[in-house]
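Report on the structure given below.
When reading the values below, keep in mind they use all heavy atoms of this one structure, side chains included, and skip hydrogens, waters and symmetry mates.
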Amino acid sequence: AADGAFDKAYQVIRDTNPFPLTTGMICDHLCQNKCVRVHYDSPVQIREVKRFIAEYNKEKSNGQNIKPVNHKLKASIIGAGPSGLSCAYYLAKNGLEVTVYEAKNDPGGMISAAIPSFRLTDEAIDLDIRTIRAMGVQLLYGQDIDRKKFEELREKSDFVYIGAGAQKAAKLNIKGIKTTGVLDPLKFLFEVKSANFPDLGKNVVIIGGGNTAMDAARTAWRLVGKEGKVTIIYRRTIKQMPADQGEIKAVVEEGVGIVDLCNPVELISEDGWVRSIKCQRMQLGEPDKSGRPRPIAIEGDYFEIPVDTVIPAIGQVKAFDFIDENQLQSKKGKYDTKLPGVYIGGDA
């Protein structure tokens with residue numbers, strides 16, 4: 001790019017990244033933390049460079065320069081999210097006939113359905129997916145895969161790849177969690193992305209410290225207006241949040257409050273609607289299996305936060321049952337399951 005060879009730069013990026021426009025906007029660019037330039041001035045802005053190259057070459061998304069290949073092997077891919085479509089891109093590039101089965105009516109998975117538009121534009125996603133389709137990849141929508149359909153895919157394909165994601169929000173099991181005013185984080189993001197804006201009231205609390213929690217908080221902040229208040233509560237410290245550092249910084253800069261070392265223990269309701277969260281203060285102990293200091297409750301130290309809407313975003317789990325869980329186990333760094341010719345990747 002520095003030499004002005006933008007076409008060649010684009011090919012270099014495409015060798016390892018089927019989603020250059022998308023990642024040009026939302027990559028957490030951890031590589032910049034390790035860039036040796038920090039010892040002299042500032043790191044190379046690699047994400048912005050890649051985004052520029054991708055946007056400069058976006059007219060190539062029509063795939064006119066892609067040569068047809070001689071298909072010898074067939075692959076079926078379950079899920080048209082980033083993982084499934086990346087798999088499709090490289091298999092097609094290597095001569096396989098690829099069909100992608102997607103349950104929803106649109107491709108993109110979480111990046112198109114849940115990531116807010118202020119972080120990622122529809123155009124970026126569409127252009128990246130257009131390039132993948134131009135490779136000859138066939139996308140089928142409204143495809144709910146059950147056990148029977150899964151076995152059919154195995155029979156007619158040389159390979160099956162499961163990229164069905166983690167489409168279900170993990171449940172927060174505390175007293176009062178079924179009270180009115182508690183929203184599923186993924187459904188909330190899906191609804192807002194579809195221009196359905198729920199009434200959140202004035203006080204919104206997000207529970208969790210991951211990227212979904214940050215997206216929910218920034219989205220809620222845009223809905224409650226200047227008179228409202230959005231607060232994130234997290235049981236560890238801000239420094240230990242698993243969300244991208246850039247997202248945490250954006251949350252703080254936009255005016256969302258963060259209360260760390262805080263663990264919700266009960267939702268208190270009035271007339272069937274949540275009105276406050278009872279929280280317990282935490283302190284850090286010895287590291288747990290994740291290597292992070294374990295949060296330990298401070299006995300007797302409780303406080304309440306007034307709230308109109310609670311959005312627990314504490315993680316996501318798999319939501320498909322067409323294959324037994326014990327058959328999915330793959331070795332670290334590998335993608336093959338215990339079933340011959342069946343592979344799994346991405347959030348799944």
Could you give the distance from [atom1] ([X]) to [atom2] ([Y]), rounded to the nearest 0.5 Å?
{"X": "H29", "Y": "Q245", "atom1": "NE2", "atom2": "CD", "answer": "10.5 Å"}
{"X": "Q280", "Y": "F303", "atom1": "CD", "atom2": "CZ", "answer": "10.0 Å"}
{"X": "I258", "Y": "I233", "atom1": "CD1", "atom2": "CD1", "answer": "12.0 Å"}

Quiz prompt | Electrostatic pair D324:R147 at N-O distance under 4.0 angstrom | solution = yes

So with a 6.0 Å cut-off around [atom1] of [X], is the heavy-atom count from everything else above 12?
{"X": "D41", "atom1": "CG", "answer": "yes"}
{"X": "Y302", "atom1": "OH", "answer": "yes"}
{"X": "R236", "atom1": "CZ", "answer": "yes"}
{"X": "D288", "atom1": "CG", "answer": "yes"}
{"X": "K193", "atom1": "NZ", "answer": "yes"}

Quiz item: Would a 4.5 Å heavy-atom cut-off, applied to side chains only, mark T99 and K74 as touching?
Solution: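 No, side chains not in contact.
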
Exercise. For residues F6 and F52, establish whether the separation of their ring centroids is below 6.0 Å.
Key: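 Under 6.0 Å, so yes.
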
Exercise. Decide whether a cation-pi geometry holds between R218 and F118; the criteria are a distance under 6.0 Å from NZ or CZ to the six-membered ring centre and an angle within 45° of the ring axis.
Key: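 Output no; distance or angle outside limits.
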
Self-check item: G210 backbone acceptor or donor facing Y234 side chain under 3.5 Å
Solution: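 Looks like no, no N/O pair under 3.5 Å.
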
Quiz item: Mind checking who shares a hydrophobic cluster with Y101, ILVMFWY linked at side-chain heavy-atom distances under 4.5 Å?
Solution: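 In the cluster with Y101 are I78, L140, I145, F150, L153, V160, I162, F320, F322, I323, L328, L339, V342, I344.
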
